[in-house]
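Here's the structure we're looking at; comments come further down.
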Amino acid sequence: MNPLPVWLLAALPPLFWAGNFVLARALHTHLPPIALSFWRWTLALAILLPIAWPALLRERRTLGQFLRRHWRRLVPLAVLGITGYNTLLYIGLQDTTATNAVLLSAATPVMIVALSFLLLGERLRIAALIGLALSLAGVLVIMAKGDPAAMLRLKPAAGDGWVLAAALDWALYSVLLRRRPAGLDPLAFLTLLVAMGLVPLAGLYAWELSTGARFAPDAANLAAIGYVALLPSVLAYIIWNRAVAELGANRTGQYIHLLPVFGTLLGVLLLGERLEWFHALGAVLIAAGILLSASRFRPQRPMH
């Protein structure tokens, strides 16, 4: 299979996730973090079930055996990818800006490379390191607005630690996804992960409700839940899982660097912010890093 379409598709999840950051921060006083995460995945499961139902029916006789055989691999993926990541991110966005959160998430590829080395024993190639450096340089150009001295004036918000924890969570999910068990249709696999991840998430949501946290089911809140359920959840996860399977965790992780680019563009389009020269320079560096990294690796398949 020609990997070029996957390279192009892999840019969509960061775009959808950038919108997730912006919406979560914009409505952080209206939507409690765990409530947003719980209803996001509940609605996503409702969307996935009709789509994945034919595959689930085809494999219904072996599904129980698949669960019994591979639950030790499935549970960490469900907890990391469904229960943990967005919950940690939404908690962080209660106390930090969307821009801070997007920029901090640029640490994810570095974490993926480190975890791939530590957990999978992957060797680091010079091309990957150069591509990573170029992408990080692009992120820093945007973060500093073209002024290196501006980095010294950045003050981390209280939620930044939660956002970094979310980044580590996602990096670990991406690396462990390489070891996902074979033998299940991708849509059925994703639906299974969502259903499993909702179990502990429901417990967290019950705790949040006990604290008195509520949200009004108005048009803005429901529209936000609909967006994060369909695009950053269902479509983004399908594309991301395919990209990791075909390109590998390291190469796919480079696309996380597009988050600050898309976040900036969304700020321009939705918030009326100005597009400056350093945005363009940062975008060029990030794109060059991704292309260099992608051109030097062979497609990698998930480990069985």
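Excluded from the calculations below are hydrogen atoms, water molecules and symmetry mates; all remaining heavy atoms, backbone and side chain alike, are included. What you see is a predicted model, and the numbers here were worked out from it, not measured in a lab.
In this structure, Tyr173 and Leu193 have side chains that are in contact, with non-hydrogen atoms separated by less than 4.5 Å. Using a 4.5 Å cut-off on side-chain heavy atoms (C-beta onward), Leu45 and Leu198 make contact. Looking at Tyr227 and Pro232, their side chains come closer than 4.5 Å, going by heavy atoms from C-beta outward. Residues Pro32 and Tyr90 are not in side-chain contact: their nearest non-hydrogen atoms beyond the backbone lie 4.5 Å or more apart. Counting heavy atoms from C-beta outward, Phe21 and Leu259 have side chains that approach closer than 4.5 Å. By the 4.5 Å heavy-atom criterion applied to side chains, Arg40 and Asn20 are counted as neighbours. Side-chain contact check for Ile225 versus Thr42: every heavy-atom pair is 4.5 Å or farther apart. Using a 4.5 Å cut-off on side-chain heavy atoms (C-beta onward), Leu187 and Ile51 make contact.
Across Leu201 and Phe38, no two heavy atoms sit closer than the pair CD2-CA, 3.6 Å. Contact detail for Ala167 and Tyr85: the closest heavy-atom pair is N-CE1, 4.5 Å. Considering all non-hydrogen atoms of both residues, Ala10 and Pro13 come closest at O-CD, 3.4 Å. When all heavy atoms of Pro181 and Leu74 are compared, the closest pair comes out as CG-CD2, 4.1 Å. Contact record, Ser116 with Val175: OG-CG2, 3.6 Å, taken as the closest heavy-atom pair. Leu56 approaches Ala188 most closely through the heavy-atom pair CD2-CB, 3.7 Å.
The distance from atom CG of Leu63 to atom CG of Leu57, rounded to the nearest 0.5 Å, is 10.5 Å. Atoms CD1 and CG, from Ile82 and Leu77 in turn, are 9.5 Å apart once rounded to the nearest 0.5 Å. Atom CG in Leu168 sits 6.0 Å away from atom CG in Leu115 (nearest 0.5 Å). Distance CG/Asn86 to CD1/Ile34: 12.5 Å, rounded to 0.5 Å. To the nearest 0.5 Å, atom CG of residue Leu9 and atom OH of residue Tyr255 are 9.5 Å apart. The distance from the CG atom of Leu31 to the CD atom of Gln94 is 9.0 Å, given to the nearest 0.5 Å.
Although no hydrogens or angles enter the test, the distance criterion places a donor-acceptor pair under 3.5 Å between the side chain of Ser210 and the main chain of Trp207. Between the side chain of Arg73 and the backbone N or O of Arg179, at least one donor-acceptor pair lies under 3.5 Å. Judged purely by atom type and a 3.5 angstrom limit, Thr87 has no side-chain atom pairing as donor or acceptor with the backbone of Ser37. Here the side chain of Glu208 pairs no donor or acceptor atom with the backbone of Ala213 at under 3.5 angstrom. A donor-acceptor contact shorter than 3.5 Å is absent between the side chain of Thr252 and the backbone of Leu247. Remark: side-chain polar atoms of Ser233 are not paired, donor with acceptor, to backbone N or O of Leu230 under 3.5 angstrom. Arg25 places a side-chain N or O within donor-acceptor distance of the main-chain N or O of Leu93, the cut-off being under 3.5 Å. Checking side-chain atoms of Arg214 against main-chain N and O of Leu209 turns up a donor-acceptor pair under 3.5 Å. For the pair Asp185 (side chain) and Ala55 (backbone), a donor-acceptor distance under 3.5 Å is absent.
Residues Leu222 and Trp39 are members of separate hydrophobic clusters, defined by side-chain heavy-atom contacts under 4.5 angstrom among Ile, Leu, Val, Met, Phe, Trp and Tyr. Under a hydrophobic clustering in which Ile, Leu, Val, Met, Phe, Trp and Tyr are joined whenever their side-chain heavy atoms come within less than 4.5 Å, directly or via other members, Tyr205 and Ile91 fall into different clusters. Neither Val228 nor Leu88 shares a network with the other; the hydrophobic side chains, linked directly or stepwise wherever heavy atoms of I, L, V, M, F, W or Y lie under 4.5 Å apart, form separate groups for each. Under the 4.5 Å side-chain contact rule for hydrophobic residues, Leu36 and Trp162 do not share a cluster. Hydrophobic clustering places Trp71 together with Leu176 (ILVMFWY residues linked when any side-chain heavy atoms are closer than 4.5 Å, directly or through intermediates).
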task = Determine, step by step, whether Trp53 and Thr191 satisfy the side-chain contact (heavy atoms from CB on, under 4.5 Å) criterion, reporting the C-alpha distance in whole Å, the side-chain angles of both residues, the deciding distance to 0.1 Å, and the verdict.
result = CA-CA 9 Å; Trp53 192 249; Thr191 304; over 6 Å; no
ask   = Checking side-chain contact (heavy atoms from CB on, under 4.5 Å) for the pair Trp240/Leu190: CA distance, chi angles, key distance, verdict?
value = CA-CA 11 Å; Trp240 184 266; Leu190 177 59; over 6 Å; no
request  = Would you sort out whether Leu15 and Leu258 count as a side-chain contact (heavy atoms from CB on, under 4.5 Å), showing the intermediate values?
outcome  = CA-CA 8 Å; Leu15 175 60; Leu258 289 172; over 6 Å; no
message = Working note: Leu27 + Asn221, criterion side-chain contact (heavy atoms from CB on, under 4.5 Å); need CA distance, chi angles, decisive distance, verdict.
response = CA-CA 8 Å; Leu27 297 175; Asn221 289 337; 4.1 Å; yes
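Ring geometry, Trp17 versus Trp170: the interplanar angle exceeds 60°, so the pair is classed perpendicular (tilted spans 30 to 60°).
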